[in-house]
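Worksheet: one structure, shown below.
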Amino acid sequence: MHAPPLTRCGPVRGSWDRLVARVLGDGWSLRRGATRVLALPDGTALRAQGWLLAVSATTTSAGMVLARTAEVLAARRCPFTFAATISAVRALNAQDADLAVAARFLTIYPNSDDDVAELARELDAATRGLPGPVITSARPVCAGSLVHYRYAAFVPLRRLADSGRYEQVVHAPDGSAVPDRPELWLPPWSPDPIGAPSAPMPNPLGTRFVPRGAGDRFRALDRSTGAEVVVTRGRAHVDETPAGDLRDRLRAEAAMLALLGPTGLVPDLVTVHERSGQTFLITSAVEGTPLADHVRTLSGEQRHDLAIQLTELLAQIHFEGVVLRDLSPATVVVEPGGTLRLSRLAMAAPAGAEVTGAGPRGFAAPEQLASAAVPTPADPAADLFSLGAMLFFLAVGAEPVLAKEYPERGARGRLRPWLDGAAVDNPLVRRYRPLILDLVADDPQDRCGLDAVAERLTRRVVAPAPPAARPGEEAADELVRDGVGYLLAAMAGPGADRLWPGEANTDPTIVHCGSAGVLNALVRAMPYLRDGLLFDAVQRAAWWTADRCAEEPTVLPGLHHGRSGVVWSLLEAAQAVQDRRLRDRALELAGDIPVHGPDPGVHRGIAGAGLAMLHCWRACGDPALLGKAVRCAEHLLATVDDTEPVWWLPDASVQTGFAEGTAGIATFLLDCWRATEDERYLAIARRAADFLCGQAVHDHAGTGTFLVRAWAATGDPRHLETAQAIATPVRAEQWTRPPTVANGVAGGMDFLLDLAEATGDPDPRDAAWHGLAALRARTTHRYGRTVVCDESGRTAMAGHDIGVAGVLSTVIRLRHGGSRPWLPPVTPDEE
């Protein structure tokens with residue numbers, strides 16, 4: 001871990017920093033991170049692990065809690081951290097905050113476990129009477145105290161688990177690593193230093209309701225009726241605003257449920273239960289399927305029926321004088337008889353009432369998002385925007401999520417090209433397109449009313465299909481140029497923990513969301529963007545990645561979630577910048593990759609290691625690397641199921657897709673046959689292809705990726721016919737899937753290009769070019785650059801599988817040709 005620099009107390013930015021510096025006096029240093037500040041006495045260091053103390057606070061009490069706590073800690077010269085800003089406190093106290101850090105305003109690291117009890121009593125006395133939420137991942141020192149305690153690591157003690165994610169650990173007395181779970185956990189080897197009562201807490205719901213789950217929303221049994229109910233818990237000071245906290249919002253929701261109960265459109269209000277500073281909203285359970293899941297298998301007419309129902313539902317809600325403010329597929333349930341019902345009313349309010357907050361991005365009106373923290377009147381026009389977004393979802397089959405951009409464009413202008421493209425092959429989109437664009441107008445006054453919506457939905461007029469515009473080479477060049485520029489601008493400095501922002505709890509070098517995937521995209525762009533900055537960035541990223549690998553003792557085999565893809569990327573970078581030393585480092589890292597393990601797949605397991613070993617062998621000719629690939633293949637032959645060509649995963653499941661299952665594993669075995677001419681590998685690959693051709697459901701592009709290669713090797717027409725059949729839904733789903741390589745548009749485009757290269761048929765390549773239009777419809781503007789959004793649609797994360805880099809590699813291949821990243825060629829003559 002790279003620690004931020006230490007700053008002497010005194011000349012530090014931020015009012016809390018100055019407050020702490022003044023209280024602590026000389027002999028202390030402050031280390032500022034992104035969201036927290038570490039206060040450390042000079043000449044001391046944090047212990048590795050032990051009993052820590054945590055103190056909560058609200059945004060209004062944080063300054064007083066910090067001042068009083070700092071006085072106690074200064075006298076004891078005890079290290080501690082605190083949230084750096086009011087915004088950080090607000091995030092810690094949010095309902096959806098990470099359990100591991102939720103409500104921890106201060107975290108205190110006692111110098112000895114023997115000091116914990118006395119220090120806890122002093123801190124409790126100093127903060128008694130001040131408000132703060134309960135810290136659910138620790139135990140309060142006494143009832144009502146802001147001070148909590150738990151056993152944990154003091155400094156980052158992490159290990160890379162087989163999943164490819166880091167997990168926090170502590171060490172038992174025998175030296176073994178034990179997971180430091182985020183929930184409350186007390187180690188068996190260290191006695192409780194406080195001695196707080198450990199008896200099970202009484203049921204906070206009293207005697208009437210029996211919980212059947214935990215957390216802030218769970219089901220329970222109502223003893224009085226025998227019915228199942230839904231319990232939503234609100235804790236004090238959670239999601240606090242000037243208008244109140246989560247408890248107040250649950251009480252408001254109860255009032256809305258009582259008002260709308262007679263309509264039959266909402267859950268029945270059972271009761272509101274108050275206990276121990278907590279509020280429990282208890283409602284009837286709405287049985288059915290969430291709308292988000294229900295629509296996947298429906299025809300266009302069935303979706304149209306839902307649209308009419310949805311409009312009637314909203315009209316009735318508005319007739320009662322209520323604004324939903326949170327209409328989305330997540331809040332609508334389709335009951336067994338096909339009737340729509342709302343699952344909850346978390347943000348509903350009387351029309352005109354002053355409210356804060358916004359619904360989910362993509363469905364919340366822009367005026368809600370712009371003023372989420374400022375009390376504004378609840379306006380029915382906001383629900384009209386949400387209805388337009390719901391009609392988009394019903395017609396297109398995707399959520400109209402739009403990433404933040406700078407400068408911001410309007411929703412109508414950004415959704416128009418998405419609708420235009422989807423309308424080509426979708427009659428329902430053609431029918432709804434004008435109505436949707438009217439409902440998602442940026443000015444609330446421009447949105448058509450519900451009467452007009454209902455009237456227009458009854459029309460049977462279907463507009464003619466717009467021309468299927470195929471983007472030109474200039475469009476591809478723009479995405480490549482702007483994508484590379486964005487990646488270079490987002491690249492962190494040499495001392496950063498991650499070279500590009502990504503999933504924080506993963507190895508920062510992996511292909512999936514780390515530096516290796518981005519590095520490979522930059523390497524692929526080098527022949528077409530003659531830019532010295534790009535050359536320098538490739539060198540810097542490659543060596544950062546190689547050096548970071550040296551710091552990680554755990555080597556996982558996977559191609560996308562392990563070391564294999566990193567080696568592949570470093571080798572290609574070394575060739576691009578002609579760095580012999582980097583090439584040697586990559587091959588040295590390749591020697592450490594395991595060839596046995598519990599996961600057989602490409603992305604996380606042994607098949608991925610085998611593919612990388614074959615690539616490295618072809619690049620340098622070292623027979624030891626071919627030998628490692630063969631050992632991977634032999635391991636897979638020894639672990640294949642006895643009855644079918646499938647492999648069992650560590651979670652005792654079987655997958656047939658590419659990332660973890662049969663299609664990917666067989667792709668490696670096919671490549672190993674090409675390298676060794678061992679017919680056993682071809683036999684298993686052939687069996688796998690025959691097996692996948694017989695499956696009723698395919699992993700679409702992933703299965704097709706293998707079957708194209710299987711046909712090139714075997715000439716079996718069934719393999720090609722199935723691959724060509726898979727191409728049809730891949731083409732049709734370009735407007736519904738996310739833009740990314742993993743299960744998205746770019747991954748489908750790569751498969752279509754594979755099919756075109758194998759067969760010489762221009763139609764799949766033309767379909768891939770139409771996929772470029774789908775990518776361009778899911779872009780965001782970032783300071784003059786047009787960048788394709790990541791898998792979430794909410795931002796533009798850099799990584800390969802679910803971010804910008806993978807899309808960039810696909811567009812480069814579409815525009816200029818070349819190999820597909822991380823895979824052997826479709827046919828041997830492409831090598």
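For this chain, numbers begin at 1 and follow the sequence in order. As a basis for the values below, the full set of heavy atoms in this structure was taken, side chains included, without hydrogen atoms, waters or symmetry mates.
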Where do [X] and [Y] come nearest, in terms of heavy atoms and distance?
{"X": "A70", "Y": "F80", "result": "CB-CZ, 4.4 Å"}
{"X": "V401", "Y": "R361", "result": "CG2-O, 3.7 Å"}
{"X": "Q49", "Y": "W189", "result": "NE2-CZ2, 4.4 Å"}
{"X": "L369", "Y": "G359", "result": "CD2-O, 4.2 Å"}
{"X": "P133", "Y": "S56", "result": "O-OG, 2.6 Å"}
{"X": "L582", "Y": "A546", "result": "CD1-CB, 4.4 Å"}

So do [Y] and [X] actually touch side chain to side chain, heavy atoms under 4.5 Å?
{"X": "V484", "Y": "L522", "answer": "yes"}
{"X": "T545", "Y": "L570", "answer": "yes"}
{"X": "W16", "Y": "I86", "answer": "yes"}
{"X": "V72", "Y": "L119", "answer": "yes"}
{"X": "P187", "Y": "V170", "answer": "no"}
{"X": "P41", "Y": "P79", "answer": "yes"}
{"X": "K404", "Y": "T795", "answer": "no"}
{"X": "V538", "Y": "W543", "answer": "no"}

Next on the checklist: Ignoring hydrogens and geometry beyond distance, is a side-chain donor-acceptor pair present between T506 and R165 at under 3.5 Å?
Outcome noted: no
Checklist entry - Are Q278 and R233 linked by a side-chain donor-acceptor pair shorter than 3.5 Å? => result yes
In Å, rounded to the nearest 0.5 Å, how long is the span from [atom1] of [X] to [atom2] of [Y]?
{"X": "R247", "Y": "R251", "atom1": "CZ", "atom2": "CZ", "value": "5.5 Å"}
{"X": "C789", "Y": "E405", "atom1": "SG", "atom2": "CD", "value": "8.5 Å"}
{"X": "T69", "Y": "E122", "atom1": "OG1", "atom2": "CD", "value": "11.5 Å"}
{"X": "L160", "Y": "I510", "atom1": "CG", "atom2": "CD1", "value": "8.0 Å"}
{"X": "E408", "Y": "H781", "atom1": "CD", "atom2": "NE2", "value": "11.0 Å"}
{"X": "I135", "Y": "L146", "atom1": "CD1", "atom2": "CG", "value": "8.0 Å"}

Under a 4.0 Å N-O cut-off, is there an ion pair linking [X] with [Y]?
{"X": "R158", "Y": "E167", "answer": "no"}
{"X": "R47", "Y": "D113", "answer": "yes"}
{"X": "D124", "Y": "R121", "answer": "no"}
{"X": "E118", "Y": "R76", "answer": "yes"}
{"X": "D547", "Y": "R585", "answer": "yes"}
{"X": "D592", "Y": "R563", "answer": "no"}

Checklist entry - Under the side chain to side chain contact (heavy atoms under 4.5 Å, CB included) criterion, do D245 and T241 qualify, and how do the steps go? => result CA-CA 6 Å; D245 60 18; T241 69; over 6 Å; no
Using atom types as modelled and distance alone, determine if a side-chain donor or acceptor of [X] lies under 3.5 Å from a backbone N or O of [Y].
{"X": "N505", "Y": "Y166", "answer": "yes"}
{"X": "S145", "Y": "C142", "answer": "no"}
{"X": "W500", "Y": "L487", "answer": "yes"}
{"X": "S569", "Y": "G517", "answer": "no"}
{"X": "Y486", "Y": "A796", "answer": "yes"}
{"X": "N111", "Y": "R77", "answer": "yes"}
{"X": "R325", "Y": "T356", "answer": "yes"}
{"X": "R159", "Y": "P179", "answer": "no"}
{"X": "R150", "Y": "S137", "answer": "yes"}
{"X": "R548", "Y": "T509", "answer": "no"}

Next on the checklist: Walk me through whether V804 and D790 qualify under side chain to side chain contact (heavy atoms under 4.5 Å, CB included).
Outcome noted: CA-CA 6 Å; V804 174; D790 62 23; 5.7 Å; no
Next on the checklist: Run the side-chain hydrogen bond (donor to acceptor under 3.5 Å, both in side chains) test on E274 and T279 for me, step by step, so that the C-alpha distance in whole Å, both residues' side-chain angles and the decisive distance to 0.1 Å come before the verdict.
Outcome noted: CA-CA 5 Å; E274 308 271 0; T279 297; 2.6 Å; yes
Item to check | Audit row: D192, Y149, side-chain hydrogen bond (donor to acceptor under 3.5 Å, both in side chains) steps and yes/no | outcome: CA-CA 10 Å; D192 187 329; Y149 67 103; 2.8 Å; yes
Next on the checklist: Apply side chain to side chain contact (heavy atoms under 4.5 Å, CB included) to residues W28 and L40 and explain how you reach the verdict.
Outcome noted: CA-CA 6 Å; W28 287 72; L40 193 66; 5.6 Å; no
Checklist entry - Quick one: are the ring centres of W51 and F154 less than 6.0 Å apart? => result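 For W51 and F154, the ring centres are not under 6.0 Å apart.
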Checklist entry - Are the aromatic rings of H512 and H561 close, with centres under 6.0 Å apart? => result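 Ring centres of H561 and H512 closer than 6.0 Å.
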Item to check | Non-neighbouring partners of R235 that pass salt bridge (Lys or Arg N to Asp or Glu O under 4.0 Å), sequence neighbours left out | outcome: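 Partners of R235 by the salt bridge (Lys or Arg N to Asp or Glu O under 4.0 Å) criterion, ordered by chain and then number, come out as D216.
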Checklist entry - Would you call the rings of F280 and H273 parallel, tilted or perpendicular, where under 30° means parallel and over 60° means perpendicular? => result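 If you compare the ring of F280 with that of H273, the planes turn out tilted.
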Item to check | Over-ring placement of R498 relative to W544, 6.0 Å and 45° cut-offs | outcome: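 No.
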Next on the checklist: Other residues, nucleotides and ligands only: do more than 12 of their heavy atoms fall within 6.0 Å of CE on M491?
Outcome noted: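 Check passes, neighbour count above 12.
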Item to check | Atom CG of D162 with >12 non-hydrogen neighbours under 6.0 angstrom | outcome: no
Checklist entry - side-chain hydrogen bond (donor to acceptor under 3.5 Å, both in side chains) between R68 and T127: does it pass, once the steps are laid out? => result CA-CA 7 Å; R68 294 184 180 181; T127 57; over 6 Å; no
Next on the checklist: Between L53 and H148, does the side chain to side chain contact (heavy atoms under 4.5 Å, CB included) criterion hold? Intermediate values first, please.
Outcome noted: CA-CA 6 Å; L53 299 170; H148 300 66; over 6 Å; no
Checklist entry - Does the pair D42 and S29 meet the rule for a side-chain hydrogen bond (donor to acceptor under 3.5 Å, both in side chains), with working shown? => result CA-CA 7 Å; D42 291 349; S29 298; 3.1 Å; yes
Please table the atom pairs, donor to acceptor, closer than 3.5 Å between any side-chain atom in residues 87-109 and protein atoms at least two apart or in another chain.
residue, atom, partner, partner atom, Å
N93, ND2, A57, O, 2.8
D98, OD1, A100, N, 3.2
R104, NH2, A100, O, 3.4

